[in-house]
Amino acid sequence: MRKYYQKEVETASREELIKMQSEKLVKQVRHVYDKVPYYRNLMREKQVCPEDIRCLEDIKKLPFLCKDDLRDAYPYGLLGTDLKECVRIQSTSGTTGKRVVAFYTQKDVDLWEECCARAIVAAGGSDEDVCHVAYGYGLFTGGAGLHGGAHKVGCLTLPMSSGNTDRQIQFMMDMESTILCCTPSYAAYLGEAMAERNISPEENKLKAGIFGAEPWTEEMRRSIEKSLGIKAYDIYGLTETSGPGVAFECEEQSGMHINEDHFYAEIINPETGEVLPEGSKGELVLTSLDKEAFPLLRYRTRDICILSREDCSCGRTHVKMTKPMGRSDDMLIIRGVNVFPSQIETVLLKMGYSPNYQIEIDRKNNTDTFDVYVEMSSIQMSDKISDIQKKEKDIETSMRAMLGIGPKIHLVPIKSIARSEGKAVRVVDKRKLHE
Ligand code: ADP
Ligand code: ZN
């Protein structure tokens, strides 16, 4: 079985990679400056011209680009080619505001699909596999990306899209799906739905899952691996940089290799914009080195992670990023304390609860209220009221130890929190309604 999809580049030496990135960067900056007036203005404002960019180090001279720039330039303002050369449009899910649209030439689609193919092969995929794609199809990039990647690998591809759980399970069993691609929250739901139908993890033919598009914890990984009887791999990407496949996990499952031949990654301090040394935690900034139609230079992803260039046992040389545990703008500030939803997930799953929870923030009498609704298991539901209250107190104590602030915990009956078919809605912030 093949171990890499594109061995030469995936295992290239650091020197080769840096040389490749430098050459591509110089070309890309020139291309963008000539073709995109929006960038030309940004660069002029910062008093940089293409001649100033001679090697990778010079990237620091370039201005950052952020999501608001994409919204300002909507829809065609950042096009790097004539519209006539484009063959596809995709769009963000709009999780954090107005949607952003991205354009692709045929070459852009091919390179994107190759990145997804690398992820599938890294998860053990080959032309022997049945790849069950349950990411949403349509404007969202999840479905299209993994679908294209699965074709490139030669898998038998099942374009299921999301939703209709009964049909998902029927096809998974009848067609003997071996690789499942969807959001981690939907994978967790499929695991739960199969257990309810008395299908044990040994009965399905699944061996691996490629899950991404939203933050998920290590605890969530273990829970999905157990419920589906698979190895669960992480995949990262965003519409602005094509979609999933910017980075993917190998068999080591300890961080995702960023496809460095196509994307140059930096970590910055989100407050000051200062570039941080390797190993620091900060905001991931990506530069697309090959994209034609929608080339982004120094794009601020708002995703918080750490980069590491330590050797990986899989033989891939590309830099690894840790799981982004939420975006800088996902961070909740509750009574002045910074809280990431992923911290709450970690506590709950460690204590043996299901990944079905919802956080509700509100403001009453000028104070933030902080409630977490958590589903009980069927065993717990038969507990006495006093036992349930004690469990709620226990969770509250663990949360306080983790977060420095204690939410009010509500253990609620099974199925009272809506299941997600795409990206899960973990937070309901009602404070925004009062603004
Ligand atoms: P939207 O920004 O509207 O959600 P996208 O569908 O393009 O649009 O989502 C991209 C975002 O999804 C990323 O910026 C990141 O925050 C999140 N994301 C994608 N993959 C992962 C992953 N593996 N782990 C954590 N977050 C992820
Ligand atoms: Zn590796």
Side-chain angles (χ1 to χ4, degrees), residues 3-4 7 10-11 66-68 70-71 90-102 112 115-116 118-119 121-124 135-136 138-146 162 181-185 187 209-218 220-221 224 232-260 263 283-286 294 296 299-305 308-331 340-342 345 420 422-426:
K3 197 168 170 210
Y4 312 99
K7 179 163 191 256
E10 289 180 69
T11 59
C66 54
K67 205 150 186 161
D68 282 337
L70 269 57
R71 290 181 177 135
Q90 305 271 178
S91 159
T92 61
S93 332
T95 315
T96 56
K98 190 176 152 192
R99 281 172 182 265
V100 163
V101 287
W112 173 28
C115 287
C116 291
R118 289 180 193 176
V121 172
Y135 282 109
L139 284 170
F140 175 56
T141 53
L146 270 308
S162 55
C181 307
C182 61
T183 58
S185 52
I210 302 178
F211 306 131
E214 63 181 358
W216 54 311
T217 56
E218 280 303 325
M220 179 90 155
R221 186 210 300 270
I224 297 172
Y233 297 85
D234 203 354
I235 185 166
Y236 169 83
L238 50 163
T239 312
E240 296 90 313
T241 57
S242 281
V246 168
F248 62 87
E249 250 176 4
C250 61
E251 71 247 19
E252 217 184 62
Q253 292 179 303
S254 62
M256 296 178 270
H257 290 285
I258 298 181
N259 284 309
E260 278 194 279
F263 301 100
E283 178 179 349
L284 178 67
V285 172
L286 291 171
F294 203 64
L296 299 184
Y299 181 63
R300 293 187 57 163
T301 64
R302 299 187 292 180
D303 292 318
I304 305 292
C305 68
S308 155
R309 288 205 167 74
E310 267 171 41
D311 288 348
C312 186
S313 61
C314 76
R316 287 179 185 79
T317 48
H318 295 200
V319 66
K320 288 207 280 197
M321 63 185 272
T322 54
K323 268 178 175 304
M325 289 330 301
R327 302 183 237 222
S328 48
D329 47 4
D330 273 345
M331 188 182 75
F340 274 103
S342 55
E345 183 173 300
S420 127
K423 300 194 188 213
V425 181
R426 300 293 193 197

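Here the structure is a predicted model, which means the values were calculated and not measured. Note that ligands are numbered from 1 as they come in the structure, with each ligand's atoms numbered from 1 the same way.
Between Pro215 and Lys323 the shortest side-chain heavy-atom distance does not fall below 4.5 Å. The closest side-chain heavy-atom distance from Leu70 to Tyr299 is below 4.5 Å. The side-chain heavy atoms of Ser420 and Arg426, taken from C-beta on, include no pair separated by under 4.5 Å. Annotation: side chain of Thr301 is in contact with side chain of Leu286 (closest heavy-atom distance under 4.5 Å).
Side-chain contact annotation: Glu252 with Ser254, donor-acceptor N/O pair under 3.5 Å present.
We find the CG-CZ distance between Leu284 and Arg300 to be 11.0 Å, quoted to the nearest 0.5 Å.
Of the angles at the Zn ion (ligand 2), the one spanning NE2 of His257 and SG of Cys250 is 110° when given to 10°. Angle subtended at the Zn ion (ligand 2) by Cys312 SG and Cys314 SG: 110°, rounded to 10 degrees.
Using a 4.0 Å heavy-atom cutoff, Lys67 is listed among the residues neighbouring ligand 1. Distances from ligand 1 to the non-hydrogen atoms of Glu214 include at least one value under 4.0 Å.
Residue-ligand proximity, Phe140 to ligand 1, at heavy-atom distances under 4.0 Å covers atoms 6 (O). Less than 4.0 angstrom separates some heavy atom of Pro324 from each of these atoms of ligand 1: 24 (N), 25 (C), 26 (N). Contact atoms of ligand 1 toward Asp234: 22 (C), 23 (N) (distance under 4.0 Å to a heavy atom of the residue). The ligand atoms of ligand 1 that sit less than 4.0 angstrom from a heavy atom of Thr239 are 5 (P), 6 (O), 7 (O).
Salt bridge present: Lys67 and Glu240 bring a charged side-chain N and a carboxylate O closer than 4.0 Å.
Close N/O approach between Thr141 and ligand 1 is not found [any backbone or side-chain N/O within under 3.5 Å]. Here's the thing with Met256: none of its N/O atoms is less than 3.5 angstrom from an N/O atom of ligand 1. In terms of polar-atom proximity, defined here as any N/O pair under 3.5 Å, Thr301 makes no such contact with ligand 1. Note: an N/O pair closer than 3.5 Å links Ile235 and ligand 1 by distance alone.
Applying the side-chain hydrogen bond (donor to acceptor under 3.5 Å, both in side chains) test between Arg316 and each of His257, Glu260, Glu10 identifies Glu10 as the sole match.
Counting heavy atoms only, Asp303 comes closest to atom 13 (C) of ligand 1 of the residues Val246, Val100, Asp303, Thr322.
Contact record, Asn259 with Gly245: ND2-O, 2.6 Å, taken as the closest heavy-atom pair.
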